[in-house]
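Counting starts at 1 for both ligands and their atoms, following the listed order. Fair warning: this is a prediction, and the values are worked out from it, not measured in the lab.
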Amino acid sequence: MIELQKYPIFTYMNPVTQLFHIQYPIIQAGMIWASGWRLASAVSNAGGLGLIGAGSMYPDVLQEHIVKCKQATSKPFGVNIPLLYPGVDRLIDIIIREEVPVVFTSAGNPKTWTPALKAAGIKVVHVVSSASFAKKSEAAGVDAVVAEGFEAGGHNGREETTTLVLIPAVCEQVNIPVIAAGGIASGKSMAAAFALGATGVQIGSRFVATPEASSHPLFKQAILDAGEGDTALTMKKLTPVRLLKNHFYEAVKAAEDNGADKETLATLLGRARAKTGMFEGHLAEGELEIGQVSALINAIQPAAEIVAEIWAEFEFTRKMLSALKF
Ligand SMILES: Cc1cc2nc3c(=O)[nH]c(=O)nc-3n(C[C@H](O)[C@H](O)[C@H](O)COP(=O)(O)O)c2cc1C
């Protein structure tokens, strides 16, 4: 039994705002085919941390987005790189050359690039879906981890650990700041993540439903139309991904039900499936990455409005909870 009274409650500065020199501990996730310079700069200008999603960009495209982002904001911003993509070294070169202050890496080994990025004075954060990987990331020298739960849109862990279980498990294992992701789209869910030990949140799905996101308008509308149970974590034999159920998903499910192996799934996925769906708006055949929380997203709103709304609701929720009498 924990004797809570022996733990003093003291005030402390938020480590995530301090780490990135930002106003609010709200990070807009790096997202392929969604988060270019427009979205990232809008979030950074609003006091959060905007991330350019480099996973869908050739090196010259990333370079252009970084330059435009610098022109659009004087605030800190970052770049997300999924490490499984080929040509990562060229993206890293550009990031270092352009003096991008923050990099979020995902889908790969944090040992590979963290030393080079840190040597260039860049803050490095790695995305994990398990406590054991969080520990490995800390040992690799990252400044913080994003702990991403099962609810999250896009690529995810095989463990299927929900955000509610993952955050305290990760907080127990590491001594660096933990940023919660997966299923967070409001100030209330942000407060819940903080109650679990996180000191920042990374939000993806809600920021796709913004005018600044580069995703196709039909995909944005599909997010608004999505209801409970309309997403699934699929392709666990290949690379697990949470997406909106559509014709492509049904084809994958039928193949999986018939015992399809990794190679068969890779053939079914083919090339550019995510671009086809999220960027070009082919809703039946494309891969439409989005989180469970899409069921709670009902409007396209400017990114700055979302940041302000989430922060106001977070502050209100904190006051409501402390006003509760028993
Ligand atoms: C459309 C979309 C694309 C994504 N692309 C990436 C990516 O390129 N790299 C990455 O690390 N995570 C990616 N993610 C995951 C997000 O970074 C984030 O962790 C996740 O969306 C958080 O959960 P939420 O969707 O419930 O807010 C993507 C998510 C979405 C919805």
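- Here Phe314 and Phe194 bring their ring centres to under 6.0 angstrom of each other.
- Taking 4.5 Å as the limit, every side-chain heavy atom of Ile81 sits out of range of all side-chain heavy atoms of Phe104.
- Residues forming a side-chain contact (heavy atoms from CB on, under 4.5 Å) with Lys135 (at least two apart in sequence, or on another chain): Gln173.
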Please tabulate, one line per pair, the protein N or O atoms found under 3.5 Å from any N or O atom of ligand 1, giving the distance to one decimal.
from     : atom 1 : to     : atom 2 : distance (Å)
ligand 1 : 5 (N)  : Ile32  : N      : 3.1
ligand 1 : 8 (O)  : Ile32  : N      : 3.4
ligand 1 : 9 (N)  : Asn80  : OD1    : 2.8
ligand 1 : 11 (O) : Asn80  : ND2    : 3.1
ligand 1 : 11 (O) : Ser106 : OG     : 2.7
ligand 1 : 17 (O) : Gly30  : O      : 3.3
ligand 1 : 17 (O) : Gln202 : NE2    : 3.3
ligand 1 : 19 (O) : Glu148 : OE2    : 2.5
ligand 1 : 19 (O) : Gln202 : NE2    : 2.8
ligand 1 : 23 (O) : Gly182 : N      : 3.4
ligand 1 : 25 (O) : Gly153 : N      : 3.2
ligand 1 : 25 (O) : Ser205 : N      : 3.1
ligand 1 : 25 (O) : Ser205 : OG     : 2.6
ligand 1 : 26 (O) : Gly183 : N      : 2.8
ligand 1 : 27 (O) : Gly204 : N      : 2.8
ligand 1 : 27 (O) : Ser205 : N      : 3.3

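- Between the side chain of Thr114 and the backbone N or O of Lys111, no donor-acceptor pair lies under 3.5 Å.
- A donor-acceptor pair is defined here as one N or O able to donate and one able to accept, closer than 3.5 Å; such a pair exists between the side chain of Arg206 and the backbone of Ala185.
- The hydrophobic clustering, which links ILVMFWY residues whose side-chain heavy atoms are closer than 4.5 Å, places Val170 and Val124 together.
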